Amino acid sequence: MQRTYNAESSVLGIEFVTKKDIVKTISEEVGLTQQQTKKIVQKTFDAIIDSLVKEERIELRNFGVFEVKLRAARKARNPRTGKQVSVPAKYVVTFKPGKEMESRVAELTAGIVENHQTESELGSLGRTDESLNKPADPTTHDAFGDRSVG
């Protein structure tokens, strides 16, 4: 996928693909206008959201599974004050990648190993939170950025 890198698609040096990038790539590959492709892409996203709101499981073969799960109420700590707070139960969207996605992403790791990088070079690939100048939180997150409980 051809990416366009600009101020809008880069946060703290992390590059990402926007919906506009996806629309442009698809429209070039299938021969539709970007407006036509944008409508199709948006309708696809809307259908996914509508299904999730109905608490339906979405299985996209070779891509992954989206699901809505109820996260139980829990006790947490306010990181600033250390005071214990109650976090109410809430619904969260989860995503589990499919086999093809997992194997293709695993190829990235294989590529690193094949390049015979030393252990110190591999360690330098870790992200840091520039604003706090410490390693980024390795905790997994759900589709909305909330921390996973399991």
Side-chain angles (χ1 to χ4, degrees), residues 1-113 122-123 125-132 134-150:
M1 176 174 291
Q2 185 178 0
R3 298 180 190 176
T4 56
Y5 297 108
N6 54 40
E8 295 174 7
S9 67
S10 178
V11 177
L12 295 175
I14 300 169
E15 304 296 340
F16 57 89
V17 177
T18 64
K19 181 168 61 171
K20 185 176 183 178
D21 297 329
I22 293 169
V23 167
K24 184 176 180 183
T25 300
I26 293 171
S27 70
E28 289 171 357
E29 288 181 17
V30 299
L32 295 174
T33 67
Q34 286 189 26
Q35 285 290 26
Q36 292 169 321
T37 306
K38 183 178 178 182
K39 285 180 184 178
I40 293 167
V41 169
Q42 189 59 53
K43 288 289 185 189
T44 303
F45 292 159
D46 291 343
I48 291 170
I49 293 168
D50 291 344
S51 294
L52 291 172
V53 168
K54 295 175 191 172
E55 296 181 52
E56 295 176 338
R57 177 182 165 104
I58 302 170
E59 293 185 30
L60 304 171
R61 298 284 181 236
N62 298 321
F63 185 76
V65 177
F66 291 94
E67 233 177 337
V68 173
K69 293 184 178 180
L70 180 62
R71 179 174 297 154
R74 61 188 169 88
K75 299 287 184 193
R77 293 207 179 273
N78 180 327
R80 286 190 183 168
T81 65
K83 182 179 176 183
Q84 192 172 31
V85 294
S86 294
V87 178
K90 67 178 182 176
Y91 285 99
V92 295
V93 175
T94 62
F95 176 78
K96 182 178 184 222
K99 289 180 183 178
E100 183 176 333
M101 181 185 294
E102 286 215 332
S103 68
R104 290 181 63 184
V105 170
E107 289 173 9
L108 295 173
T109 304
I112 292 172
V113 173
L122 288 173
L125 294 175
R127 296 181 304 128
T128 59
D129 184 345
E130 299 297 329
S131 64
L132 300 175
K134 65 180 183 179
D137 184 3
T139 309
T140 58
H141 294 74
D142 63 25
F144 292 117
D146 292 331
R147 292 184 184 191
S148 297
V149 291

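A quick note: this is a predicted structure, and the numbers were derived from the prediction, not measured.
One distance of note links NZ of Lys20 with NZ of Lys38; it measures 9.0 Å at 0.5 Å rounding. Between the NZ atom of Lys90 and the CZ atom of Arg71 there is a distance of 5.5 Å, given to the nearest 0.5 Å. Note that the CD atom of Glu100 and the CZ atom of Phe63 stand 10.5 Å from one another [nearest 0.5 Å]. A distance of 13.0 Å separates OG1 of Thr37 from CD of Gln42, quoted to the nearest 0.5 Å. Here CD of Glu67 is found 10.0 Å from NZ of Lys96. Values are rounded to the nearest 0.5 Å. Distance check: Ser27 OG to Ile22 CD1 gives 12.0 Å after rounding to the nearest 0.5 Å.
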Next item on the list: Could you please spell out the steps behind the side chain to side chain contact (heavy atoms under 4.5 Å, CB included) verdict for Leu32 and Ile40?
Entry: CA-CA 10 Å; Leu32 295 174; Ile40 293 167; 3.8 Å; yes

Next item on the list: Given side chain to side chain contact (heavy atoms under 4.5 Å, CB included), test Leu60 with Phe66 step by step and report yes or no.
Entry: CA-CA 8 Å; Leu60 304 171; Phe66 291 94; 4.1 Å; yes

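Counted within 6.0 Å of CD on Gln84, heavy atoms from surrounding residues, nucleotides or ligands total more than 12; the atom is thus considered enclosed.
Minimum heavy-atom separation, Phe16 to Asp21: O-OD2, 4.2 Å. Closest non-hydrogen pair, Leu52 versus Val68, comes out as O-CG2, 3.1 Å. The two residues Val41 and Ile26 make their nearest non-hydrogen contact at CG2-CD1, 4.1 Å. Between Pro97 and Glu102, the shortest heavy-atom distance links the atoms CG-OE2, 3.4 Å. Nearest heavy atoms, Val65 versus Glu59: CG2-CG, 3.9 Å. The minimum heavy-atom distance linking Lys75 with Ser86 is given by the pair NZ-OG, 2.8 Å.
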